[in-house]
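These notes concern the structure reproduced below.
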Amino acid sequence: MSRITVLGTGYLGATHAACMAELGHEVLGVDVDPSKLARLEAGEVPFYEPGLEEVLQRNLASGRLRFSSSYEEAAKFADIHFLGVGTPQKKGEFAADMRYVDSVIESLAPLLTEPAVIFGKSTVPVGTAERLGARAREIAPAGDGVEVAWNPEFLREGFAVKDTLHPDRLVLGVDRDRPGRAEALAREVYAQLLDEGIPFVRTDLATAELVKASANAFLATKISFINAISEVCEASGADVTVLADAIGHDERIGRRFLNAGIGFGGGCLPKDIRAFMARAGELGADQALTFLREVDNINMRRRTRMVELAREACGSLLGARVAILGAAFKPDSDDVRDSPALNVAGQIQLQGATVNVYDPKAMANSKALFPTLTYSANALEACAGADVVLVLTEWAEFRKLLPADLEGVVRTKSLVDGRNCLRPEDWREAGWTYRGLGRP
Ligand code: UGA
């Protein structure tokens, strides 16, 4: 078993730290935010992620997992360090903000007196790992004994534990000019996963960084593709959900990530495609990725379309009562970063409607981001007296809703399904006006 540190205990870092301890390693999670550390030390996950709290508590109890704010302790504790801090979008620019990643290297490297390997996990612009490696060797007392390798993370929120312990693949980018110990150490850390037969792709640093950027760009493109087709479906009276099933039967296409609706959001896809475009531009390859601008545009257009459908349903938004079911960027998450649902809620309120929002898990985060919206304690309360009900996140609780549940609750039996997650027949038979996106 190995001793490892995980630098950064946000979504990625906290999950990685807990899951590496679950594999039997001795893990030290390090963060500069004392409030985050306090919650993690108390066995509390600071965000909603099914199953993670159990893994955290079990490994805290076993003593294999600890947390600290000290980089001195981290440098002494292990010679394997995973870097998992955030790379948000820069304000007013498409590019990624590298300040947190850089500060990990600036804090850790000067303390490395013995050879060590830093495995980057964050999503970074191609070229970052090489730059960080050079910087670390320059400022570390151990000099050339310090290696930087890249081991991108592909976990999905809502499936973080499963995706970390049973990923589709492991990717490791190693410095071509100084291969060192990185691959051998990674194989030790992930031995249990490799025994399971999980594919291990070893490559150079740039390829590893690009694998991650390309994977997210592809997923974003797939969603915007079906949303673009859904616009044509709307214009022609076709049904995008049936169309997606039909093309999805083709194994080359596949049905997953072909759900048309109000589009993608979250802390990854939107900022990652923008950072990817910005980086390609810096490299003189901007033409290659101009299509991602269109992917972004199609995605943003879905939000505007949803507002239009709400307006059509009410006649005018001014003075209308709009119930919004779902605020998280996707179900089984309390994450509202760049959430299409909250964005739509905000736009509708700004156009003069009274907006009542309910989400099973994302209420606190939504209130912090959009304090001016009205929040309801449950779905029925949100729908009370509504002129239209908008389903914007496909939580199981909303998918199970039946017209009878809202009978006598709403003012007008009108529903717009922003995630195409309900059965139109059920609602229409009960006398409702049902609108989906890209459906007749
Ligand atoms: C995404 C990727 O799926 C992960 O592989 C990646 O590791 C992660 O970003 C990251 O870079 O950290 P995540 O942001 O958790 O994961 O969410 P997804 O499940 O990809 O969903 C993204 C958005 O697309 C959501 O708003 C979702 O509602 C939307 N979506 C997804 C659709 O609109 N239609 C679909 O068919 C699928």
Side-chain angles (χ1 to χ4, degrees), residues 8 10-16 47-50 52 84-89 96 121-124 151-164 167-171 209 211-230 240-241 243-245 247-248 253-276 295-296 298-303 305-306 326-344 359 362 391-395 398 417-421 436-438:
Y11 221 108
L12 191 173
T15 306
H16 193 67
F47 45 86
Y48 176 71
E49 179 59 45
L52 182 56
V85 293
T87 51
Q89 186 176 340
K121 293 203 75 66
S122 310
T123 302
V124 294
N151 172 219
E153 180 54 62
F154 301 97
L155 69 80
R156 295 161 298 168
E157 296 186 9
F159 300 90
V161 173
K162 179 187 168 287
D163 285 353
T164 305
D168 290 339
R169 75 301 211 184
L170 289 162
V171 174
E209 293 165 320
V211 166
K212 175 59 199 256
S214 320
N216 275 1
F218 189 89
L219 294 172
T221 304
K222 201 168 177 189
I223 299 168
S224 276
F225 172 83
I226 200 65
N227 281 331
I229 299 297
S230 110
V240 74
T241 62
L243 180 149
D245 289 344
I247 62 172
I253 297 173
R255 179 62 179 81
R256 296 173 73 189
F257 268 68
L258 282 184
N259 293 327
I262 56 171
F264 61 81
C268 302
L269 262 41
K271 65 112 173 142
D272 284 353
I273 60 169
R274 291 171 196 154
F276 200 15
V295 166
D296 208 350
I298 294 165
N299 192 52
M300 288 309 191
R301 211 151 62 217
R302 300 322 289 158
R303 303 179 182 186
R305 178 70 185 138
M306 189 68 210
F329 85 109
K330 68 172 188 183
D332 297 318
S333 169
D334 65 356
D335 199 342
V336 295
R337 285 177 292 172
D338 202 357
S339 167
L342 260 196
N343 181 301
V344 166
D359 187 283
V391 178
L392 300 186
T393 313
E394 68 277 33
W395 283 95
F398 304 149
D417 182 357
R419 294 293 186 179
N420 292 329
C421 62
L437 270 73

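Sequential numbering from 1 along the given sequence is applied to the chain's residues. We use all heavy atoms of the structure for the numbers below, so side chains are in, but hydrogens, waters and symmetry mates are not. Atoms within a ligand are numbered from 1 in the order they appear, just like the ligands themselves.
- Q89 meets the side chain to side chain donor-acceptor pair (under 3.5 Å) test with R274; sequence neighbours excluded.
- Partners of F47 under the ring pair (Phe, Tyr, Trp, His ring centres under 6.0 Å) rule, at least two apart in sequence or in another chain, are Y11.
- Put simply, the side chain of R419 reaches to within 4.5 Å of the side chain of D417, judged on heavy atoms.
- A salt bridge is defined here as a Lys NZ or Arg NE, NH1 or NH2 lying under 4.0 Å from an Asp or Glu carboxylate O, and D332 with R156 fails to meet this definition.
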Can you give me a line-by-line list of nitrogen or oxygen pairs between ligand 1 and the protein shorter than 3.5 Å?
| unit_1 | atom_1 | unit_2 | atom_2 | d |
| --- | --- | --- | --- | --- |
| ligand 1 | 5 (O) | F154 | O | 2.9 |
| ligand 1 | 7 (O) | F154 | O | 3.0 |
| ligand 1 | 7 (O) | L155 | N | 3.3 |
| ligand 1 | 7 (O) | L155 | O | 2.7 |
| ligand 1 | 7 (O) | K212 | NZ | 3.4 |
| ligand 1 | 11 (O) | K212 | NZ | 2.8 |
| ligand 1 | 11 (O) | N216 | ND2 | 2.7 |
| ligand 1 | 15 (O) | E157 | N | 2.7 |
| ligand 1 | 15 (O) | K330 | NZ | 3.0 |
| ligand 1 | 17 (O) | K330 | NZ | 3.2 |
| ligand 1 | 19 (O) | K330 | NZ | 2.9 |
| ligand 1 | 26 (O) | G265 | N | 3.1 |
| ligand 1 | 26 (O) | F329 | O | 2.8 |
| ligand 1 | 28 (O) | F329 | O | 3.3 |
| ligand 1 | 28 (O) | R419 | NH1 | 3.3 |
| ligand 1 | 33 (O) | R419 | NH1 | 3.2 |
| ligand 1 | 34 (N) | N259 | O | 3.0 |
| ligand 1 | 36 (O) | L258 | N | 3.4 |
| ligand 1 | 36 (O) | N259 | N | 2.8 |

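- Contacts classified as side chain to side chain donor-acceptor pair (under 3.5 Å) and involving residues 256-273 (residues at least two apart or in different chains) are given here: T87-K271, N216-D272, R255-N259.
- With hydrogens and angles disregarded, no donor-acceptor distance shorter than 3.5 Å links the side chain of K212 to the backbone of V124.
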